[in-house]
Amino acid sequence: MPPRDARAESIAAAVNAWFADAARPLPWRAADISPWAVLVSEFMLQQTQVARVVPLWEAWLARWPSPADLAASPPAEAVRAWDRLGYPRRALWLHEAAVEITERHGGEVPADLDALLSLKGVGPYTARAVAAFAFGLRHPVVDTNTRRVLARAVAGQAEPGPPATARDLAAMEALLPVDPDAAHVFNAGAMELGATVCTAASPRCGDCPIAALCAWRAAGYPEYDGPRKARQAPFAGSDREARGLVMAELRRAHHPVTRAELAAIVTDAARLGRAVAGLVADGLAVEEAGGLRLPDA
DNA sequence: AATACGTGGAA
DNA sequence: TTTCCAAGTAT
């Protein structure tokens with residue numbers, strides 16, 4: 001592991017001390033939480049705010065307390081339970097991951113990074129988050145919050161550059177405490193700091209535990225001059241919106257929905273066509289004689 | 001490497 | 001009201 005200098009140790013110590021007091025009592029942080037519960041939380045939290053996840057996470061685990069429980073239900077039920085969380089492919093992938101865990105891992109969420117990465121819907125972030133938060137293993141965990149904290153505190157820039165997993169992990173590794181328990185806390189604490197204090201739009205530097213160590217602050221808060229992120233395409237009138245409208249109808253109707261019924265919901269025929277074709281290609285919808293429905297298996 | 005993928009909270 | 005963007009992943 002790379003050498004940790006005194007500055008790195010000071011940053012980690014300050015973040016961990018702050019986190020001990022400032023951590024939000026999120027349900028997946030409770031003691032004795034199962035690896036499956038952590039995995040579900042990480043799927044739901046991908047590109048989705050904490051406040052929207054909590055109630056769905058509670059309901060999901062009450063209904064499917066283990067991977068085998070979810071694997072025994074049809075994917076349609078997973079998609080319905082996902083409700084309006086967004087990116088419903090995640091529900092399908094989580095179901096698929098549950099089947100893989102049940103069939104290939106004896107029903108136990110694996111702790112090994114490569115085994116986690118091989119699960120559908122589990123990428124570099126989620127694999128490390130589960131290994132670290134569910135199993136206490138000492139891996140750097142870097143999400144968008146941590147990327148921003150590292151960009152500011154270490155690189156002295158207002159915003160992180162374009163995602164670069166290897167570089168981001170190396171930057172986190174350089175700060176990560178050697179002790180596994182302290183590393184676990186720092187992984188969670190850096191994310192929490194980015195989520196609640198070192199926020200994207202209006203950082204509250206007056207409340208920041210590492211303000212005195214922050215390179216961005218020391219440099220006088222220079223504006224970001226690197227490559228800008230591509231602007232998100234407008235949602236209104238988009239294919240994404242059409243997919244969402246179709247999925248809402250499929251979740252609601254517990255029977256095949258005809259093309260005529262869908263045409264009343266998405267009036268632009270070309271847009272409807274692209275949405276349906278995409279949903280079928282993604283496995284989120286199935287075409288049959290009577291219309292479109294959620295996948296049974 | 002760039003793009004598609006949902007929905008809604010917050011300023 | 002817009003606009004940004006949020007515990008990313010797959011292709």
Side-chain angles (χ1 to χ4, degrees), chain A residues 23-24 26-29 37-57 79 82-94 96-97 116-134 139-149 158-166 168-169 172 187-196 198-204 224 227-251 266 271 274-275 277-279 281-285:
Chain A
R24 293 167 292 175
L26 305 180
W28 42 86
R29 286 177 178 164
V38 173
L39 180 66
V40 172
S41 77
E42 295 300 344
F43 263 85
M44 291 184 168
L45 286 163
Q46 291 169 4
Q47 295 284 284
T48 308
Q49 302 93 324
V50 165
R52 298 178 55 207
V53 165
V54 172
L56 279 169
W57 180 88
V79 171
W82 202 258
D83 196 39
R84 301 183 63 80
L85 244 203
Y87 292 144
R89 291 186 295 186
R90 292 182 293 168
L92 214 52
W93 293 340
L94 180 53
E96 192 171 331
L116 285 163
L117 282 167
S118 77
L119 299 174
K120 191 70 168 182
V122 174
Y125 164 75
T126 302
R128 287 178 175 78
V130 170
F133 300 142
H139 294 294
V141 180
V142 180
D143 77 329
T144 186
N145 293 303
T146 297
R147 272 168 49 73
R148 186 171 51 252
V149 169
E159 298 177 27
T165 303
D168 295 337
L169 290 176
M172 188 59 174
N187 274 320
M191 289 174 61
E192 186 81 346
L193 186 63
T196 64
C198 192
T199 56
S202 48
R204 298 171 21 240
Y224 180 67
R228 303 295 315 196
K229 275 170 286 204
R231 225 173 70 90
Q232 224 174 52
F235 184 66
S238 69
D239 287 359
R240 288 162 86 158
E241 180 187 41
R243 287 171 57 109
L245 291 168
V246 171
M247 287 303 295
E249 182 60 17
L250 297 190
R251 288 193 307 265
V266 179
R271 202 158 70 99
R274 289 192 302 272
L279 292 171
D282 288 345
L284 280 166

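Every chain is numbered from 1 and lettered A, B, ... according to where its sequence line falls, protein lines coming before strand lines. This is a predicted model, so every value here is computed, not measured.
The pair A:Glu159-A:Arg228 meets the salt-bridge criterion, with a side-chain N (NZ, NE, NH1 or NH2) lying under 4.0 Å from an Asp/Glu carboxylate O. Checked for salt-bridge contact, A:Glu42 and A:Arg128 miss the test: no charged N lies under 4.0 Å from a carboxylate O.
Taking the side chain to side chain contact (heavy atoms under 4.5 Å, CB included) definition, one finds that A:Ala132 meets it with A:Val141, A:Asn187, sequence neighbours left out.
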Q: Indicate for each nucleotide in nucleotides 4-11 of chain C, in 5' to 3' sequence, whether protein heavy atoms under 4.0 Å reach the base (B), only the sugar-phosphate (S), or nothing (-).
A: SBBBBSSS

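We find that CZ of A:Phe235 is positioned 17 Å from P of C:dT1, with the value rounded to whole Å. Between the CG atom of A:Leu245 and the P atom of B:dC5 there is a distance of 14 Å, given to the nearest Å.
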Q.
Using the rule given for side chain to side chain donor-acceptor pair (under 3.5 Å), can you reason through A:Gln46 versus A:Tyr125, listing the C-alpha separation, both sets of side-chain angles and the distance that settles it, and then say yes or no?
A. CA-CA 9 Å; A:Gln46 291 169 4; A:Tyr125 164 75; over 6 Å; no

Q: Could you walk me through whether A:Thr199 and A:Arg148 pass side chain to side chain donor-acceptor pair (under 3.5 Å), step by step?
A: CA-CA 8 Å; A:Thr199 56; A:Arg148 186 171 51 252; over 6 Å; no

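On the P atoms, B:dC5 is 22 Å away from C:dA7, given to the nearest whole Å.
Comparing A:Gly244 and A:Ala233 by the nucleotide of DNA chain B whose heavy atom lies nearest to each, the residue mapping closer to the 5' end is A:Ala233. Toward the 5′ end of DNA chain B lies the nearest nucleotide of A:Ala230, the other residue of the pair A:Leu279 and A:Ala230 mapping further downstream.
Heavy atoms of A:Pro88 sit under 4.0 angstrom from primed sugar atoms or phosphate atoms, though from no base atom.
Between A:Thr165 and A:Asp168, the side chains place no donor N or O within less than 3.5 Å of an acceptor N or O (distance only, hydrogens not considered).
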